[in-house]
Peer 1: 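Okay, here's the structure, questions in a sec.
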Amino acid sequence: MAFLKRGPNRGQTEAESARLQRAHLDNISRLAKVGKLVLAGPFMDEGDIRGIYIFNIATVKEATALTESDPAIKAGRLVWQCCIDTGQCCSSTDC
């Protein structure tokens, strides 16, 4: 499971923000189609945690790679925290 959090780079223009959102959603669709992503969705409360990914994968390393394939994460608009079923968590800075 990966929590998507508000990132430090949120100063994009409206057009760039819309482009990143479309690319983010396209990436979610791609991961779901290949069977790696079981569930994805936003949190609508405008807090720092913006959304969640639940993966069908075997390792944190794979979850890291899949999460980092997100264009919004690449752009710094989002950051992530990954947790595995043992309760162990890591983030984009320490995983």
Side-chain angles (χ1 to χ4, degrees):
M1 170 172 52
F3 291 106
L4 305 179
K5 297 180 174 184
R6 187 180 306 273
N9 192 12
R10 298 189 66 83
Q12 294 87 6
T13 65
E14 187 174 328
E16 179 63 10
S17 178
R19 186 196 67 76
L20 281 171
Q21 181 65 14
R22 178 76 264 154
H24 167 72
L25 295 173
D26 289 346
N27 190 60
I28 288 171
S29 293
R30 178 185 65 81
L31 294 175
K33 284 179 186 173
V34 297
K36 300 291 184 176
L37 189 62
V38 176
L39 177 86
F43 293 131
M44 305 303 281
D45 65 357
E46 295 300 319
D48 284 340
I49 299 176
R50 307 301 299 142
I52 190 169
Y53 286 165
I54 297 179
F55 295 109
N56 180 25
I57 46 92
T59 67
V60 171
K61 184 177 180 178
E62 187 175 5
T64 297
L66 294 173
T67 303
E68 289 182 349
S69 72
D70 187 316
I73 289 174
K74 289 179 182 179
R77 189 163 175 80
L78 296 172
V79 295
W80 59 271
Q81 179 181 25
C82 181
C83 298
I84 58 176
D85 60 2
T86 63
Q88 176 187 0
C89 297
C90 61
S91 69
S92 53
T93 59
D94 69 4
C95 197

Peer 1: What's the separation between atom CG in Leu25 and atom CG in Asn27, rounded to the nearest 0.5 Å?
Peer 2: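 Rounded to the nearest 0.5 Å, the CG-CG separation comes to 9.5 Å.
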Peer 1: For the CG atom of Leu4 and the CD1 atom of Ile49, what is their distance to the nearest 0.5 Å?
Peer 2: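 Rounded to the nearest 0.5 Å, the CG-CD1 separation comes out at 10.0 Å.
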Peer 1: Would you check if the side chain of Glu46 reaches a backbone N or O of Phe43 as a donor-acceptor pair within less than 3.5 Å?
Peer 2: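 No; zero donor-acceptor contacts below 3.5 Å.
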Peer 1: Shared ILVMFWY cluster between Leu31 and Leu20, side chains joined below 4.5 angstrom?
Peer 2: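 They do not share one cluster, since no chain of ILVMFWY contacts under 4.5 Å joins Leu31 to Leu20.
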Peer 1: Which value, rounded to the nearest 0.5 Å, describes the distance between Leu37 atom CG and Tyr53 atom OH?
Peer 2: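 Here the rounded value is 7.0 Å.
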Peer 1: Less than 4.5 Å apart, side chain to side chain, heavy atoms only: is that true for Ile73 and Val79?
Peer 2: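 Side chain of Ile73 against side chain of Val79, heavy atoms only: no contact under 4.5 Å found.
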Peer 1: For Arg19, what residues pass the salt bridge (Lys or Arg N to Asp or Glu O under 4.0 Å) criterion, not counting sequence neighbours?
Peer 2: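 Arg19 satisfies salt bridge (Lys or Arg N to Asp or Glu O under 4.0 Å) with Glu16 once adjacent residues are dropped.
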Peer 1: Is the closest side-chain heavy-atom distance between Lys74 and Glu68 below 4.5 Å?
Peer 2: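 No, their side chains stay 4.5 Å or more apart.
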Peer 1: Scan for salt bridge (Lys or Arg N to Asp or Glu O under 4.0 Å) pairs involving residues 27-39, sequence neighbours excluded, and state none if there are none.
Peer 2: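 Pairs touching residues 27-39 that pass the test: Lys36-Glu62.
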Peer 1: List in chain and number order the residues that pass side-chain hydrogen bond (donor to acceptor under 3.5 Å, both in side chains) with Gln21, two or more places apart in sequence or in another chain; answer none if no residue qualifies.
Peer 2: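 Listed in chain order: nothing, the list is empty.
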Peer 1: Could you list the residues that satisfy salt bridge (Lys or Arg N to Asp or Glu O under 4.0 Å) with Glu14, not counting sequence neighbours?
Peer 2: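 Scan of Glu14 (salt bridge (Lys or Arg N to Asp or Glu O under 4.0 Å), adjacent residues dropped) gives none.
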Peer 1: With a 4.5 Å heavy-atom cut-off, do Ile52 and Met1 have their side chains touching?
Peer 2: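 Yes, at least one pair of side-chain atoms sits under 4.5 Å.
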Peer 1: Looking at every non-hydrogen atom in both residues, tell me the closest pair between Ala40 and Ile28 and how far apart they are.
Peer 2: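 Minimum heavy-atom separation between Ala40 and Ile28: CB-CG2, 3.9 Å.
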Peer 1: To the closest 0.5 Å, what do you measure between CG (Leu66) and CG (Asn56)?
Peer 2: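 The CG atom of Leu66 sits 10.5 Å away from the CG atom of Asn56.
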Peer 1: Is Asp26 salt-bridged to Arg22, cutoff N-O under 4.0 Å?
Peer 2: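 Yes, Asp26 and Arg22 are salt-bridged.
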Peer 1: Apply salt bridge (Lys or Arg N to Asp or Glu O under 4.0 Å) to Arg6 and list each qualifying residue two or more places apart in sequence or on a separate chain.
Peer 2: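 For Arg6 the salt bridge (Lys or Arg N to Asp or Glu O under 4.0 Å) partners, ignoring immediate neighbours, are Asp48.
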Peer 1: Any non-hydrogen side-chain atom of Phe55 less than 4.5 Å from a side-chain atom of Val38?
Peer 2: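 The answer is no; the side chains never approach within 4.5 Å.
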Peer 1: Test of understanding: with side-chain hydrogen bond (donor to acceptor under 3.5 Å, both in side chains), list the residues that count as partners of Ser17, not counting sequence neighbours.
Peer 2: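 side-chain hydrogen bond (donor to acceptor under 3.5 Å, both in side chains) list for Ser17, sorted by chain: Arg77.
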Peer 1: Yes or no on side-chain contact (heavy atoms from CB on, under 4.5 Å) for Arg50 and Lys5, after CA distance, side-chain angles and deciding distance?
Peer 2: CA-CA 5 Å; Arg50 307 301 299 142; Lys5 297 180 174 184; 5.7 Å; no
